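First comes the structure, then the notes that go with it.
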Amino acid sequence: MADAGVTGVAVKLGELAAAEATALLRVDTEIRSLRRKLAYLQALVRGADRARRGRANELLLLWLRETREVAFEVEDAVDEFHLRVEAFHLSAKGRRGWWHGAAFNLVQGLATQIVVRHGLSHQIVKINERIDELNQNKETYAIESFPSETWNSSSIETDPEWYEDGYVEDSRESEFATLKDQIIDREKIVCHRAVISILGECGIGKKTLARKLYNDPDIMRNFEVHAWVCLPPHIRFTDYVESMYKQVSSEVPEAPEEVDKASLEPGNGETTSKERKLRQLMQNRRYLVVLDGLVEISDWNSLLDVLPDENNGSRILLTTRLSVKEINHMDPRIAPLELGCLETIHGQQLFCRRVFGAKKPPEIYKCKAYYDKVHNISTGLPLAIIVLAGVLRSKVIPTEWNDVLEQLETNGQPKPVGSIWSLAFDDLPHHLKSCFLYFASMSENIIVYPDRLVRLWIAEGFVVPKKGKTLEEVGFDYLKDLVSRGLVQVMDKDAGGRIKLVAIHNLLHAFLESEARDSGFLEIHHQANVLNPNAVRRLAVHNYVDSFVNIPNEFPKLRSLLCDFAEDQRSSSVYESLRPQTVWGSFAEMCLRACGSSDRAGLKTIHGLHFLQGSRFLRVIDLNGLKIQKLPDEIGRIIHLRYLGIRNSNLEELPSSISKLDNLQTLDVRRTNVTRVVDEFWEIEALRHVLAEKILLPDCRVSLNNLMTLDGAEPSNPWHDQICPLNYMLCLRSLSLSGISDTHTKALSAALRKMEFLVNLNLSGEVLPSTMFTDSSMRRLQVLILHGKLEDLDASKSDRYVMPNLTMLHLHKSELSQPFVDKLAVLPCIAEMELSYCSYSGATLVFPGRGFQSLRKLKLINLCALEELVVEPGAMPMLSVLAMHGCSSLKVLDGLNDLEHLQELALYNMDVLADTIKLDDKKLCDKIKCLTTPTKVDRGVVAGYWVRNLGRPAMTSPAAPELPCGDLERSGSVGRKATDDIEVHYSSGGAWTRLAQV
């Protein structure tokens, strides 16, 4: 991975060579010379990197290590140069406007030029000498490092259908049918709490098969309660219980009196209380619980004790790498299913789907029996087949295919399967290697938001600008490329079919962790101390179990710090009033006490972040769960900083020095108590993304043409035609604004007319403008969420709405009429729609014929006046899920049987209507999932991955307190949407599923 290190430095040198300051300081010639040398060195390093993973000799390893050190020296020199130049500009900006200040700036500027030029030139000379020495040593010691051969690595257009690998359909159809019959048990032969086990090695497809079962509509309708609990190592048992409790409580009603303060107190009583409450919620209910990734029998025994057995047909679906002998005692009456590697015919189906898609394989593929070689190399392991298919997809058949397959064989015999991961990594273009390697900074089994991931890539400098595209669009192209190669899994897509959640397989994550560590790209610590803080350049700290993580006072070379601590739900403002007044009551406090960073005793024990003083080169700070109340003023001196994310903490304020961060691109303070930043912050022209719970938006007058995301903003003053901060943010792609009143609507409407790039819009307030439905500027809008009454709906003279790309529409308390619905019906792309809390005022709601042609998910909540729902012939032909909650007056459903694709009718708190359907309509009755919970109409998690609440936005609907289903709102159904936290969405097989927060 020295290759990626040299690549990153070469990019920085290119930026430096083009900088105006470089020409002024007369060092541009030396920089270009150094850049040329690094380019030649990079070609050699790529081949040496490939040899390193084989049986490389010690001389080659030493040469690679020294090459990497030289690259790091270049990076240090470049960053030091920028630091000095930007520090001068910063100090000069503070003295603007005074004639003596201008004279002082002139004198100091000449002195700075001399000093910086001399320092940079001296460093470049030394680095050139080191490179010459490296080349000389290579010749002296006959170190073999041949330039790597380049294949055709151009990316193929990613077909959305290829996101689904077809693994179950192609390869595990019989196993799926067997397990489905065991889970549903239509003959009611097995009434006890059956444990159904799926066994097999890593990469065999256990999780994919279990996820397909979990999301199957027939299985989902068969159980009242569903929960998916991932069991990764290094996680506390209390976290398992917490995960299961959150999911179960989202589907089962819980009386308010059952929630007592004792359940929120830390200590031994907390676990006991939560386990007891979980058992109470699951009693007398038929449940399906998936326990994914069991590695310790002790975990099993503890979890089994929490799940009641009442002979009602409940099921536990278990996936594990343990052997049959080890788990046979769990349920001797049900034989475990052990998955083996794929047979040749099934493996070939999967391979062809991944390589050729829906196209027919070429004749040469059949003639040369290529899959026989692929099967021999991959041993039929599904993950290996998918990754190898990702390499071959972009290669020319037969010449390059032969070269690839030969590299995976030795004397005609296949190399270990792990060599496929190395080959796939080596095959990546330079710019993708660092991006893919960045997944190692995230915990195993974690779902990742693409938006956040791309923002981090941009801040790191991995994304190369491309003409005609924003950096974010280029970054998403990078991600799609990794998906098309089979290296990244798509866990969920939005209503428009775009990637929404991603993850990587545990085997690939382990490979990346090893590669990142060996190459010096990243240090990852779970429980160990940081041994050499003076050398680490990127640091990821994941600690979910222990209470000790050593954080030194400074990291002089550190560029990125990413921390993920055990989440303490009681540290958020929601629980603040119920928090016990103890000194070391939470895990985070214990962790920080062990770090020696506890500045104050008692409830306000926090981390001081003192190490920031000695970390001048930081570009990325991303801290989750770290107990912080205030950032130090020294943060303003880290002028390289591009990404500042502090989530799930007690952070209350940001220092005024944050306005000095002229390079800051992203500020993410969701799930904190920050409500205001200094006004000068809004003059940082580099800003691209600002995300918060509720942050006041002042009357800024500086054009922020780079700002693309503004989430959680609230007007601080009334707006007028000429005084509206949004007029200076016209390039926004995503806007979430709350606290809107009639003093803002006119100016807001005028500003929206100018925002031609807007894709996501979320507005909340007493009254909202309705002009966005008719403004041509909203042609790019894809997601629209409105909380509040729409102003002057009937005043519009337009007979149609102009939103050709709108895919998701949520309306709350909008007081719509039938003519409004008729206009919405002609919008071509709406796939997901929610009407809730007096959004519709009529007694009869008609979906007109030929209307809503793309609608797949429809949700109606608390439409108290609605008595009749009519679906005219030809309306909503693609509807698959209809969920209704609390529509107590609804008595008539007309036309639902004509919906051919309707898979599920979910009714909540509507027992009378459900009973009527059961008596009168057997066909429709088979599609009913009838629940009576007054809480959340969702399934809790995205199946298959450990879920952590990293960055869930708080709900800000102004009407929340007066509604009877407040829990439903807090779960996200009536909440504000962040650009990477769409709180309401659908799983592939069921009703509304709550988004996993990571």
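This one's a predicted model, so the numbers in the text were calculated from it and none came from an experiment. Quick note: residue numbers are just sequence positions, from 1.
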request  = Could you walk me through whether L83 and H640 pass the side chain to side chain contact (heavy atoms under 4.5 Å, CB included) test, one step at a time?
outcome  = CA-CA 7 Å; L83 194 68; H640 284 302; 3.8 Å; yes
request  = Report the C-alpha distance between R671 and E693 in whole Å, list the side-chain angles of each, state the deciding distance to 0.1 Å, and finish with yes or no for side chain to side chain contact (heavy atoms under 4.5 Å, CB included).
outcome  = CA-CA 6 Å; R671 297 201 72 185; E693 291 297 319; 3.8 Å; yes
inquiry  = Could you walk me through whether I658 and L644 satisfy the side chain to side chain contact (heavy atoms under 4.5 Å, CB included) test, starting with their C-alpha distance in whole Å, then the side-chain angles of each, then the deciding distance to 0.1 Å, before giving a yes or no?
reply    = CA-CA 10 Å; I658 196 174; L644 178 59; 4.0 Å; yes
message = One pair to check against side chain to side chain contact (heavy atoms under 4.5 Å, CB included): L482 and L428. What are the steps and the verdict?
response = CA-CA 9 Å; L482 292 173; L428 291 174; 3.9 Å; yes
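The closest side-chain donor-acceptor pair between S560 and E460 falls under 3.5 angstrom. Inspection of the H689 and T709 side chains reveals an N or O donor paired with an N or O acceptor under 3.5 Å.
Rounded to the nearest 0.5 angstrom, L707 CG and C700 SG are separated by 9.0 Å. Atom CG of L654 and atom CD1 of I635 lie 9.0 Å apart (nearest 0.5 Å). Remark: L687 CG to M729 CE distance equals 8.5 Å, nearest 0.5 Å. Of the inter-residue distances, the one linking K433 atom NZ with S519 atom OG reads 10.5 Å to the nearest 0.5 angstrom. Atom CZ of F462 is separated from atom CG of L471 by 14.0 Å, given to the nearest 0.5 angstrom. The distance from atom CG of D699 to atom CG of N727, rounded to the nearest 0.5 Å, is 10.5 Å.
Between the side chain of R619 and the main chain of A459, a donor-acceptor pair closer than 3.5 Å is present. In this structure a side-chain-to-backbone donor-acceptor pair under 3.5 Å is present from H542 to S441. In this structure, the side chain of S615 engages the main chain of F555 through a donor-acceptor pair within 3.5 Å. Listed for the D481 side chain is no donor-acceptor partner under 3.5 Å among the backbone atoms of D477. Side-chain atoms of N705 do not come within 3.5 Å of backbone N or O of C731 as any donor-acceptor pair. Although no hydrogens or angles enter the test, the distance criterion places no donor-acceptor pair under 3.5 Å between the side chain of N663 and the main chain of L641.
The nearest pair of heavy atoms linking S659 to V678 is CB-CG1, 4.0 Å. Residues V474 and K469 share a closest heavy-atom pair of CG2-CB, 3.9 Å. Residues C435 and Y478 share a closest heavy-atom pair of SG-CD2, 3.7 Å. Shortest non-hydrogen contact noted between L522 and A540 is CD1-N, 4.0 Å. The minimum heavy-atom distance between V70 and L134, with the atom names listed, is CG2-CD1, 3.7 Å. Summarising the geometry of M442 relative to L456, their closest heavy-atom pair is CE-CD1, 4.3 Å, with the distance given to 0.1 Å.
Between P725 and W682, every side-chain heavy-atom pair lies at or beyond the 4.5 Å cut-off. Under the 4.5 Å side-chain criterion, counting only non-hydrogen atoms from C-beta, L558 is in contact with V536. Between L612 and I638, some side-chain heavy-atom pair lies under the 4.5 Å cut-off. Under the 4.5 Å side-chain criterion, counting only non-hydrogen atoms from C-beta, L730 is not in contact with L704. Side-chain contact check for T675 versus I695: every heavy-atom pair is 4.5 Å or farther apart. With a 4.5 Å cut-off on side-chain heavy atoms, V690 and D711 do not count as touching. Counting heavy atoms from C-beta outward, V669 and L691 have side chains that stay 4.5 Å or more apart.
Using a cut-off of 4.0 Å between Lys/Arg side-chain N and Asp/Glu carboxylate O, R647 and D622 are scored as salt-bridged. Taking the charged nitrogens against the carboxylate oxygens, R452 and D668 have no contact shorter than 4.0 Å, which rules out a salt bridge. Using a cut-off of 4.0 Å between Lys/Arg side-chain N and Asp/Glu carboxylate O, D662 and K660 are scored as not salt-bridged. Between E472 and R733 there is no salt bridge, since none of the side-chain N atoms of the basic residue sits less than 4.0 Å from a carboxylate O of the acidic one. Using a 4.0 Å cut-off between charged nitrogen and carboxylate oxygen, E80 and R616 count as a salt-bridge pair. Salt bridge present: D76 and R559 bring a charged side-chain N and a carboxylate O closer than 4.0 Å.
Using a 30° and 60° split on the angle between ring planes, F436 and F425 fall in the tilted class, from 30° to 60°. Taking the six-membered ring where tryptophan is involved, the planes of W457 and F439 are perpendicular, since the angle between them exceeds 60° and thus also 30°. Under the 30°/60° scheme for interplanar angles, the aromatic rings of Y438 and F521 are found to stand perpendicular.
If you run side-chain contact (heavy atoms from CB on, under 4.5 Å) between E652 and each of I628, V674, N673, only N673 comes through.
Geometric assessment of R455 against the ring of Y643 yields a negative cation-pi assignment under the 6.0 Å and 45° thresholds.
When the shell of 6.0 Å around CZ of R537 is examined, it contains more than 12 heavy atoms from other residues, nucleotides or ligands. Dense packing is recorded around CD of E473, with more than 12 heavy atoms of other residues, nucleotides or ligands lying under 6.0 Å away. By the 6.0 Å contact criterion, CZ on R130 is enclosed, its count of non-hydrogen atoms from other residues, nucleotides or ligands being greater than 12.
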